[in-house]
There are 2 protein chains.
Amino acid sequence: MTTRTDALTRREQILKEAARLFAARGFHGVGVDEIGAAVGISGPGLYRHFAGKDAMLAELLVGISGRLLDGGKLRVADTEGGPDDVLSALIDGHIDFALDDRPLITLHDRELDRLRDSDRKLVRQLQRQYVELWVGVVREIHPTAPESEARIAVHAVFGLLNSTPHLGSLGRPATESLLRRLAHGAFAALSD
Amino acid sequence: MTTRTDALTRREQILKEAARLFAARGFHGVGVDEIGAAVGISGPGLYRHFAGKDAMLAELLVGISGRLLDGGKLRVADTEGGPDDVLSALIDGHIDFALDDRPLITLHDRELDRLRDSDRKLVRQLQRQYVELWVGVVREIHPTAPESEARIAVHAVFGLLNSTPHLGSLGRPATESLLRRLAHGAFAALSD
DNA sequence: GCAACGTGTTAACGCTCATTAACAGAGCAA
DNA sequence: TTGCTCTGTTAATGAGCGTTAACACGTTGC
């Protein structure tokens with residue numbers, strides 16, 4: 001079949017377009033006909049690839065949470081140096097993610113409650129593990145800050161990094177650099 | 001009728017409950033029957049107070065944008081001292097808002113595209129003015145930072161401040177103080 | 001050649017849900 | 001009393017939309 005490195009599977013095409021549309025107008029705001037049209041087939045044709053609209057959302061959300069967590073774990077394990085370097089690696093990774101897959105990031109904290117219980121639990125668990133990854137590193141750097149403060153700070157920095165609405169007039173590298181500085185600045189304030 | 005200082009009018013009750021429900025499950029995720037039930041009347045009964053479901057959302061979003069902008073203007077005008085003090089006042093005001101009216105803040109950047117064109121334009125204009133208020137102050141403090149950087153930083157700090165999902169185990173004052181420090185820390189990084 | 005399968009199509013079903021219709025009672029002015 | 005307004009009610013309407021049914025056609029394995 002067409003599973004070369006450059007070509008996307010039909011399934012992957014559908015997921016990509018569905019993510020874009022869901023992020024733009026919300027899960028309920030997009031019809032299956034529209035998703036189908038985005039990949040050149042008809043609405044009911046989607047049911048040859050997914051059990052239903054819910055299944056698409058579930059796969060998207062579980063996928064993004066899993067990739068975020070895996071990427072984070074990898075960076076924590078692979079980074080040599082002190083916790084400062086690890087935190088930098090986590091921030092850089094999250095920025096890449098936020099800029100590359102903004103539709104998915106948007107979905108991630110917007111449409112979670114549309115999932116069936118089991119999927120929602122899974123996503124929440126993955127999210128929690130990702131947060132705790134960050135909290136652990138942050139607490140190494142700021143041992144005096146209580147854990148609850150560190151956790152709120154991590155959530156706040158996620159909000160900061162995920163806020164990029166459009167790359168603005170800055171280019172990609174400048175935006176990355178700016179977000180990096182802002183995130184480090186926020187965490188630095190933890191020791192004040 | 002009951003328009004004392006403590007009692008809410010029926011309209012206000014409805015708006016309050018609608019805001020809470022919309023924030024929790026999204027505009028399309030909430031039915032009129034549910035909104036009606038939340039204030040003790042039936043679904044169609046709402047139509048005695050609002051032209052439709054869309055009208056409730058419009059009034060909520062225009063209201064929140066307007067109050068944010070008005071509050072910001074007031075603080076800029078009333079604060080004595082340098083731009084640092086003005087920025088502090090803006091941050092404090094936004095934190096109060098984020099903690100007091102979180103449902104509305106959530107709606108604010110989540111359901112904007114459900115509005116009719118005229119309302120959406122109005123809300124966008126109010127939002128833009130609010131952002132520019134901040135950008136002006138930030139640029140006074142960091143004159144070397146280009147305007148596009150300042151604007152992205154302002155958006156990022158909004159994301160940071162609006163990220164509070166639950167007050168967590170910290171109390172309200174401690175959360176306020178923490179968010180304040182994080183926001184100042186992020187802005188401080190603009191001059192790096 | 002042919003059965004099986006994968007992947008489409010269009011038409012129809014059924015449910016949800018915003019909105020409207022039709023009606024009713026309380027409070028109040030004349 | 002009479003009638004008007006305000007604020008509710010329940011029942012009906014009608015559109016939108018996810019899903020399923022029924023059918024078609026190319027490819028592949030035997």
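So that the names make sense, note that chain A is the first sequence line, chain B the second, and so on, each numbered from 1.
- In this structure the side chain of B/Glu176 reaches within 4.5 angstrom of the side chain of B/Arg180, judged on heavy atoms.
- Aromatic ring orientation, B/Phe158 versus B/Tyr130: parallel (interplanar angle below 30°, classes split at 30° and 60°).
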With a cut-off of 3.5 Å and sequence neighbours excluded, list every side-chain donor-acceptor pair involving residues 35-61 of chain B.
| residue | atom | partner | partner atom | Å |
| --- | --- | --- | --- | --- |
| B/Lys53 | NZ | B/Phe27 | O | 2.9 |
| B/Lys53 | NZ | B/Val30 | O | 2.8 |
| B/Glu59 | OE1 | B/Arg11 | NH2 | 2.5 |
| B/Glu59 | OE2 | B/Arg11 | NH2 | 2.6 |

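- Within 4.0 Å of A/Val39, counting heavy atoms only, lies no atom of the nucleic acid at all.
- With the nearest nucleotide of DNA chain D identified for both A/Asp54 and B/Arg10, B/Arg10 has the one nearer the 5' end.
- Comparing B/Val32 and A/Ile41, the nucleotide of DNA chain C nearest to each residue sits closer to the 5' end for A/Ile41.
- Here the side chain of A/Arg75 pairs no donor or acceptor atom with the backbone of A/Leu90 at under 3.5 angstrom.
- Judged by distance alone, with hydrogens and angles left aside, the side-chain atoms of B/Asp96 form no donor-acceptor pair with the main-chain N or O of B/Gly93 at under 3.5 Å.
- Of the residues in residues 43-53 of chain B, B/Pro44, B/Gly45, B/Arg48, B/His49 come within less than 4.0 Å of DNA chain D through at least one heavy atom, sorted by number.
- Looking only at side-chain heavy atoms (C-beta outward), B/His142 and B/Glu149 stay at 4.5 Å or farther from each other.
- Distance NE2 (A/His28) to P (D/dG18): 9 Å, rounded to an integer number of Å.
- Atom pair A/Phe27:CZ and D/dG16:P shows a separation of 19 Å (rounding to whole Å applied).
- Distance B/Asp33 CG to C/dT20 P: 15 Å, rounded to the nearest Å.
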